[in-house]
Amino acid sequence: MRRELLEVFDNTFPERDYSIEIVNPEFTSVCPKTGLPDFGTITVTYVPDKTCIELKSLKYYFLDFRNAGIFYENVTNTILDDLVAVSQPREMTVRSEWKARGGITETVTVEYSGRKG
């Protein structure tokens, strides 16, 4: 996916810890084994430091996965890696919840903590 699609803006309250939750209930990608579409909900929760994630750019970043053949675990870890690289948050969690396929669902949660100490 193209990390360069992501943009940030200055956090007006960098001295304060607060959390931001972003939910995308219409995330799509493609199963790399079958080529069938996968549908999921991506939830990003983070404590910003100096910057916040700009939502329009995040929307286009998510759309870049639409035709990508990628496993759930790779989707979730790639999103975390890219968002952390761009925004350098104090902490971040990315959770992907996938719709049932063949009666099986999957949820993947990955976390990052950039706090010192």
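These numbers come from the heavy atoms of this one structure, side chains and all, not from hydrogens, waters or symmetry mates.
Residues satisfying the side-chain contact (heavy atoms from CB on, under 4.5 Å) criterion with T41, sequence neighbours excluded, are V23, P25, T43, K99. By the ring pair (Phe, Tyr, Trp, His ring centres under 6.0 Å) test, Y72 pairs with W98, sequence neighbours left out. The salt bridge (Lys or Arg N to Asp or Glu O under 4.0 Å) check on R2 picks up D64, with sequence neighbours excluded. Residues satisfying the side-chain contact (heavy atoms from CB on, under 4.5 Å) criterion with T93, sequence neighbours excluded, are T109, E111. Partners of E97 under the salt bridge (Lys or Arg N to Asp or Glu O under 4.0 Å) rule, at least two apart in sequence or in another chain, are R95. For T51, there are no side chain to side chain donor-acceptor pair (under 3.5 Å) partners at least two apart in sequence or on another chain.
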| message | Before you tell me yes or no, could you show the steps for T76 and E106 under side chain to side chain contact (heavy atoms under 4.5 Å, CB included), namely the whole-Å CA-CA distance, both residues' side-chain angles and the distance that decides it to 0.1 Å? | response | CA-CA 12 Å; T76 314; E106 183 173 327; over 6 Å; no

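Pairs engaging residues 24-33 under the salt bridge (charged side-chain N to carboxylate O under 4.0 Å, His left out) rule: none recorded [sequence neighbours left out]. Residue pairs meeting the salt bridge (charged side-chain N to carboxylate O under 4.0 Å, His left out) criterion with at least one member in residues 36-58, sequence neighbours excluded, are D38-R101, D49-R90.
Counting only heavy atoms from C-beta outward, the side chains of I20 and Y18 approach each other to under 4.5 Å.
Atom CG of L36 has more than 12 neighbouring heavy atoms from other residues, nucleotides or ligands inside a 6.0 Å radius.
To the nearest 0.5 angstrom, S57 atom OG is 8.0 Å from L5 atom CG. Here CD1 of I42 is found 4.5 Å from OG of S96. Values are rounded to the nearest 0.5 Å.
Hydrophobic cluster membership of L63, counting Ile, Leu, Val, Met, Phe, Trp and Tyr whose side-chain heavy atoms lie under 4.5 Å apart directly or via other members: Y60.
Taking both residues in full, the closest heavy atoms of S19 and T45 are given as CB-CG2, 4.5 Å, listed atom of the first, atom of the second, then distance.
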For a quick test of your reading: what N or O donor-acceptor pairs under 3.5 Å do the side chains of residues 77-87 make, sequence neighbours left out?
unit_1	atom_1	unit_2	atom_2	d
N77	ND2	E73	O	2.9
T78	OG1	N74	O	2.7
D82	OD1	R3	NE	2.8
D82	OD1	R3	NH2	2.8
D82	OD2	Y61	OH	2.6
S87	OG	L83	O	2.7

